[in-house]
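Contents: one structure, followed by commentary.
For this chain, numbers begin at 1 and follow the sequence in order. One-based numbering, in listed order, for ligands and for the atoms of each.
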Amino acid sequence: MRRKLLVGNWKMNKNRSEALDFIQHFLNHNKIQQPGDLEVFIAPAYPLLESTYRATEHTALEVAAQDVSAHESGAYTGEVSADMLYSIGVKTVIIGHSERRRHFGERGPTLTQKIQRALRARMEVIYCVGEDAEARRKRRQFEAIEGQLDVLDDLDADDMGCISIAYEPVWAIGSGQSATPIQAQAMHRYIRDSITDRFSAELASFTSILYGGSLTPENATEIFAQPDVDGGLVGKAALNADRFIGLIKALSS
Ligand code: PGA
């Protein structure tokens, strides 16, 4: 069976004391019996990764990075390598978030390089895809996603086994308007079929596909109930520990 994942992406929010307060509150209040196939992550900003990793060690909460350099090491001022992340215990990284694509111009070749750097460092990758409002309006959403999935063509089956996909329609991120369960399911099915075509039905059936975009404890249950939705990538609702626990509850039920 494929794993279920819930990933809280803090983006550029929370300083050190706010991050540690969240973790303390979360650990004190999360009484959910987490099923064995469910993994829960938070993804803080780089400077907080090590302290959050230490604060969550030996708990059911894991830590992921929001990004990684496309380069291995050397003269790349401001960059953080996959090896650096792995060396402090961070073994999962989000790559290709739409905010990285939009604000920092990240596209196919860079994203392929980032994925490969992360995999070579033995990290797992959550690769994000999502169409913008215009593509959806023109009914070209599947085409848009297919193009973003092309980066997977440079990977072999072993690599693909270390990748989860997050479907995050750009128009749903931070807008308060999530995709409907039907829209989410249709795209998740499409993505799974595309992985079947590129690799195999077996690999596709093991790949976790997460939904992201204005997920809340209120709308998550119905979205998570869709057969091809294996969890969520959450921004705003992951900034509050009680709301985040509400999402774990929705995914556990
Ligand atoms: P949101 O963000 O939950 O605030 O819409 C999701 C994301 O960007 O991953």
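- Under the 4.0 angstrom criterion for non-hydrogen atoms, S214 is in contact with ligand 1.
- Judged by the 6.0 Å distance and 45° axis criteria, K91 is positioned over the aromatic ring of Y86.
- Of all the atoms in ligand 1, the ones that sit under 4.0 Å from a non-hydrogen atom of H97 are 7 (C), 8 (O), 9 (O).
- Each of R101, K114, R117 was compared with D67 under the salt bridge (Lys or Arg N to Asp or Glu O under 4.0 Å) criterion, and only K114 meets it.
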message: For a salt bridge (charged side-chain N to carboxylate O under 4.0 Å, His left out) check, start with the C-alpha distance between E146 and R198, then their side-chain angles and the critical distance, and finish with the verdict.
response: CA-CA 11 Å; E146 192 62 39; R198 291 164 198 268; 2.3 Å; yes

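- Listed by number with element, the atoms of ligand 1 under 4.0 Å from a non-hydrogen atom of G213 are 5 (O).
- Here the heavy atom of the protein found nearest to atom 9 (O) of ligand 1 is E168 OE2, 2.6 Å.
- The shortest separation from a heavy atom of G174 to ligand 1 is under 4.0 Å, placing the residue in contact.
- In summary, the atoms of ligand 1 found under 4.0 Å from a heavy atom of K236, numbered by their order in the structure, are 1 (P), 3 (O), 4 (O).
- Side-chain contact of Y211 with E168: a donor-acceptor pair under 3.5 Å is absent, judged by distance alone.
- The shortest N or O to N or O distance between G235 and ligand 1 is below 3.5 Å.
- F142 and Y190 have tilted rings, their planes meeting at an angle from 30° to 60° on a 0 to 90° scale.
- A salt bridge links D193 to R189: at least one charged side-chain nitrogen sits closer than 4.0 Å to a carboxylate oxygen.
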